[in-house]
Colleague: 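The structure that follows is given in the form of structure tokens.
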Amino acid sequence: MEKNYQPDALERRWYQQWEQNGCFEPSGEGQPFTILLPPPNVTGTLHMGHAFQHTLIDCLIRTHRMKGRDTLWQAGVDHAGIATEMVVTRQIEAEGGKRDDLTREQFVERVWQWKQESGSTITGQMRRMGASVDWSRERFTMDKGLSQAVIETFVRLHDEGKIYRGPRLVNWDPVLQTAISDLEVVNTDEQGKLWSIRYPRSDGQGEIIVATTRPETMLGDVCVAVHPDDERYADLVGKTVQLPLTEREIPVVADDYVDPEFGTGCVKITPAHDFNDWAVGQRHGFAPINIFTPEARINHNAPEHYRGLDRFAARKRIVEDLRTMGLMVEEKPHTMVVPRGDRSGQIIEPFLTNQWFVKMDELGSQWLETVESGRVEFVPGNWINTYRHWMENLQDWCISRQLWWGHRIPAWHDLDGNVYVGHCEAEVREKHQIADGIALEQDPDVLETWFSSALWAHSTLGWPDPERMQAEGFERYLPTSVLVTAFDIIFFWVARMIMMTGHFTDQVPFHQVYIHGLIRDRDGQKMSKSKGNVLDPIDLIDGIELDPLIEKRTATLMQPAMKAAIEQHTRDEFPDGIPAFGADALRFTFTALAGHGRDIKFDLARCAGYRNFLNKLWNAARFVGMNIGDEALPPLNQMIDDPISNWIRSALNRTIQQIDQALANYRFDLASQALYEFIWHEYCDWYLELAKPALNDESDPARVQSTRRTLAEVLEQALRLLHPFAPFITEEIWQGLRKPLSIQHDYIVTAAWPEAGAIDAAAEGDVGWLKNVISGIRSARTELQLPPGKPMPLLVQQADDSDRSRLIRFNQLIKRLARLESIDLVDSSRDSSDCAVQLCGDLRLLIPLAGLVDIGEELMRLTKQREREQKGLDIVEKKLANERFIANAPATVVEKERTRQQEHQAAIDQLDQQLEKMRQLRS
RNA sequence: GGGCGAUUAGCUCAGUUGGUUAGAGCGCUGCCUUGACAUGGCAGAGGUCACUGGUUCAAAUCCAGUAUCGCCCACCA
């Protein structure tokens, strides 16, 4: 083994071997354990959030595989309609081309090429991270089977009357020129203006004033609304006003949507361009007047003067014209909510178009119950509130998109405007008896990405094809065990999967949903390309120099103005670039950070710390290797009854318990912590040091053999426990233990998960005592500023039988670890005024000063100790002085306090005596 | 407007059903190249558990309120 841990070569080597030897395939035996990978978008490369999530999933998968479960990690990628189209469009533009020059077929072909490229990048990254995926079952949301599932779903929902098409006001992105769902709209507070405009009364009796943030939409006004109880305008209801800039007169109506307190209490109503106004218009029977083209330019329904202007130019001109006409009352700054597309960032227009919808009323209420009843459990549990809130406020789901990349809607139009839904054109013709001579054209729209994602659970298991369902284990693997995902897609994906899988299979897609946090940068900022603070997980694995990192972060910026700031920030945060940590260290960092909070700040220092941890393990393994050799250890008739061995095995068992419990609760952080604590602070810091004398004890071969075996066996089990967290290094070291321990199994990947054995209280007591004695001596040595390496004598006073026994049994160990030349029991009568005294319970450890130390030093040390004890005593006595504490607290608690009081008091007495002696000596 | 969450050491975070002097990692200080490991060892320093009040023998922990920050949802033009 190399002296230093070097992850790069070994990580690549092991992944290949595992994959080639089919380590990741479901075993077909045991209780199934299945996790669906939330399919990453084929928009490029995986980010830190993916790496984090995949680490958690892989950790669960590997653990359960080792536990003997029939483990399936169903992986794949998502076509991600809008996002992928945008990526490819940008590429075409970067090459100097224009998307509009391509036909639909050409463009889709181009996206398929990109999909191949991005898809293989993603799977390559997952392999580097160690994701133990059965790649033979990898799927894509647009492959043949999934397309079949999409068509089947659409047709069946349509036949059930749950899908309909019609003209509705939808969220329209005028730049991408597609509808998007409510969920894809992000509402941001932005600084805008509020204009107050005069609408003259038709009867010439004055005017009314309306306030609006969007004056350009007035061209589509159909009425003005006031509150029914608003006395100021009671006489106006039913009358008409002149709509400025147009020839139209529009009525005044009463509707309690209007808040009389806001502005003037008069609202202009534009049903075609505002969701609220749409509802008002419906109530009062007004036909909406659409004034925009799909690009959001003013159309032919508006006066000639404004036609062709885009929405922003139109606003400007209308405001100017109103001013000129003296109809503008005022203009003031106003903070308002602006809807923007989550992908494009463009301002979204409510726009009247024909779209396809899924009716959500029945679907929603039915599948809320699924979660309320616990058939699907959220972890942490309070996410049920989020889910419930959404399910109780469902709007119909707009599923059609005016894009090219995606599942084409299985509907055909004839020239008379009839629409027929079916699996294919032939089926439609036959079913509706449409002659071949009659032209039919397939609907040009595609389904939104989440429509197919919603089918991910059952469609990846072969649904709806009975043969494939049989072959792919539909019955066996559905419901899956747990979905591991982030909270930002509970609505987009989790809820819709519960609905769709439930509706079509009567199953839940998963029993549990573990919601993890989002990875943010060191400062808690969300990582995003535009902020230039993204990290590529591969760069943490392999390392990256500062300059390439800056180049990477600034190369494809949408706003070049940010470049300097990003460069500066990057130089500040990574002055020396990023060192290579390896995939195992990165994975361990992720699991250690995975508490149940919402935000996870990624700090490079943590990653470095865990790389050091793995280096520590590496060197411990080297030490073990040096001691046990390469050959099979000779069989042992029986282990010698050694408290040190018993203790480390007991501590290991405790650790196994902790990890099992932590993982059962998805507390990856606690599991990581338990591993770190055990491996570093128990096994390395104490056990290896305690084992060293036994390993070299030539006088006792049985003891040597027994210790070697414990050394190797405990390490081997610890490696198995660590394997799901750090798969590569554990495999590498574990392979070296196979021969010495005569392990038949080929890979740690499929080795058995350790089972917790018994806790050995006696051994734990012994070693606890031993640690206290050694630490006490070391501490005294440091405080007295004695050279750490210099051997010195130790005298022990007030040892009881148990102390004496332990002093005898552990004599050599104490001497070695505390660097003593001798340990001698002395009578209580022996004067200790020439010694430093370290209390260890009732035990007095005396270090002869012999002129080594100034008595002043020792007096200070003792005084400090006394202060510490006094502080403890004060707290205890305060409690015990409280009569109600004595009366009300459980007897055990009171007893504990009494014991504690005695201990503190005894220590103080001892220290006082010693202080007194030394003071006398001094004077 | 409604809902959820956070506030513990310089930084990042643990802290179970209330019960030792509130823990860890990183950073910091001192000493140490001791034959596994300086990516290290040993020993330390460092906290008014955001604030106020309440419940209790006992509160970081339970309750109420306040403050600050964050997220989600929502039709006030």
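Note on naming: letters A, B, ... go to the chains in the order of the sequence lines (proteins, then strands), and numbering restarts at 1 for each one. The structure displayed is predicted, hence computed values, not measured ones.
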Colleague: Taking atom types as modelled, is there a side-chain donor on A/Asp256 or A/His227 under 3.5 Å from an acceptor on the other?
Modeller: no
Colleague: When you get a sec, tell me which of B/U39, B/A14, B/A36 is the closest nucleotide to the side chain of A/Arg622?
Modeller: B/A36
Colleague: With sequence neighbours excluded, tell me which residues meet ring-ring contact (aromatic ring centres under 6.0 Å, His included) with A/Trp390.
Modeller: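 Per chain and number, A/Trp390 pairs via ring-ring contact (aromatic ring centres under 6.0 Å, His included) with A/Phe491.
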Colleague: Who passes ring-ring contact (aromatic ring centres under 6.0 Å, His included) against A/His596, sequence neighbours left out?
Modeller: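 With neighbours one apart ignored, the set is A/Tyr514.
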Colleague: Of all of residues 268-276 of chain A, which get a heavy atom below 4.0 angstrom from RNA chain B, listed by number?
Modeller: A/Asn276
Colleague: Taking only residues two or more places apart in sequence, or in another chain, which ones meet A/Trp195 in a ring-ring contact (aromatic ring centres under 6.0 Å, His included)?
Modeller: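 Partners of A/Trp195 under the ring-ring contact (aromatic ring centres under 6.0 Å, His included) test: none.
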Colleague: Just to verify, what does A/Lys771 make a salt bridge (Lys or Arg N to Asp or Glu O under 4.0 Å) with, not counting sequence neighbours?
Modeller: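 Here the qualifying residues are A/Glu682.
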Colleague: Pull out every protein N or O sitting under 3.5 Å from an N or O of nucleotides 3-10 of chain B, one pair per line with the distance.
Modeller:
from: B/C4; atom 1: O2'; to: A/Arg598; atom 2: NH2; distance (Å): 2.6

Colleague: Could you tell me the separation between the CG atom of A/Asn187 and the P atom of B/A74, rounded to a whole number of Å?
Modeller: 7 Å
Colleague: Listed by chain and number, what are the salt bridge (Lys or Arg N to Asp or Glu O under 4.0 Å) partners of A/Arg388, not counting sequence neighbours?
Modeller: A/Glu372
Colleague: List the residues meeting ring-ring contact (aromatic ring centres under 6.0 Å, His included) with A/Phe574, not counting sequence neighbours, and say none if there are none.
Modeller: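 So A/Phe574 forms no ring-ring contact (aromatic ring centres under 6.0 Å, His included) with any residue.
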Colleague: Produce a footprint string for nucleotides 20-33 of chain B: one letter per nucleotide, 5' end first; B if the base is under 4.0 Å from any protein heavy atom, S if only the sugar-phosphate is, - if neither.
Modeller: BB---SS----S--
Colleague: Need to verify one output field. Residue with the more 5' nearest nucleotide on RNA chain B, A/Lys616 or A/Asp259?
Modeller: A/Lys616
Colleague: Which whole-number value in Å describes the distance from A/Phe492 CZ to B/C73 C1'?
Modeller: 13 Å
Colleague: Please report, to 0.1 Å, the donor-acceptor pairs under 3.5 Å made by any side chain of residues 269-277 of chain A, with sequence neighbours excluded.
Modeller:
from: A/Thr270; atom 1: OG1; to: A/Asp221; atom 2: OD1; distance (Å): 2.6
from: A/Thr270; atom 1: OG1; to: A/Lys268; atom 2: NZ; distance (Å): 3.0
from: A/His273; atom 1: NE2; to: A/Asn290; atom 2: OD1; distance (Å): 3.2
from: A/His273; atom 1: NE2; to: A/Ile291; atom 2: N; distance (Å): 3.0
from: A/Asp274; atom 1: OD1; to: A/Asn276; atom 2: N; distance (Å): 2.8
from: A/Asp274; atom 1: OD1; to: A/Asp277; atom 2: N; distance (Å): 3.0
from: A/Asp277; atom 1: OD2; to: A/Thr270; atom 2: N; distance (Å): 2.8

Colleague: Could I get the full list of salt bridge (Lys or Arg N to Asp or Glu O under 4.0 Å) partners for A/Arg198, not counting sequence neighbours?
Modeller: A/Glu207
Colleague: By nearest atom, which of the nucleotides B/C57, B/A43, B/A36 is closest to the A/Phe623 side chain?
Modeller: B/A36
Colleague: Check every atom of B/U12, B/A77, B/A14 against the side chain of A/Leu670 and return the nucleotide holding the closest atom.
Modeller: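 From the listed options, B/A14 comes nearest.
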Colleague: My validator wants the stems of RNA chain B: runs of 3 or more consecutive Watson-Crick or G-U pairs, both distances under 3.5 Å, written as range with range.
Modeller: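 So far as stems of 3 or more pairs are concerned, RNA chain B shows B:1-7 with B:67-73, B:10-13 with B:23-26, B:28-32 with B:40-44, B:50-54 with B:62-66.
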Colleague: Side chain of A/His334, heavy atoms from C-beta onward: which of B/A36, B/A77, B/A43 has the nearest atom to it?
Modeller: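 Comparing B/A36, B/A77, B/A43 against the side chain of A/His334, the answer is B/A77.
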Colleague: Taking the minimum atom-to-atom distance to the side chain of A/Val267, which one of B/A77, B/U39, B/A36 wins?
Modeller: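 Given the options B/A77, B/U39, B/A36, the side chain of A/Val267 is closest to B/A77.
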Colleague: Which listed nucleotide (B/G44, B/G19, B/A36) is nearest to the side chain of A/Lys692?
Modeller: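 Shortest atom-to-atom distance from the side chain points to B/A36.
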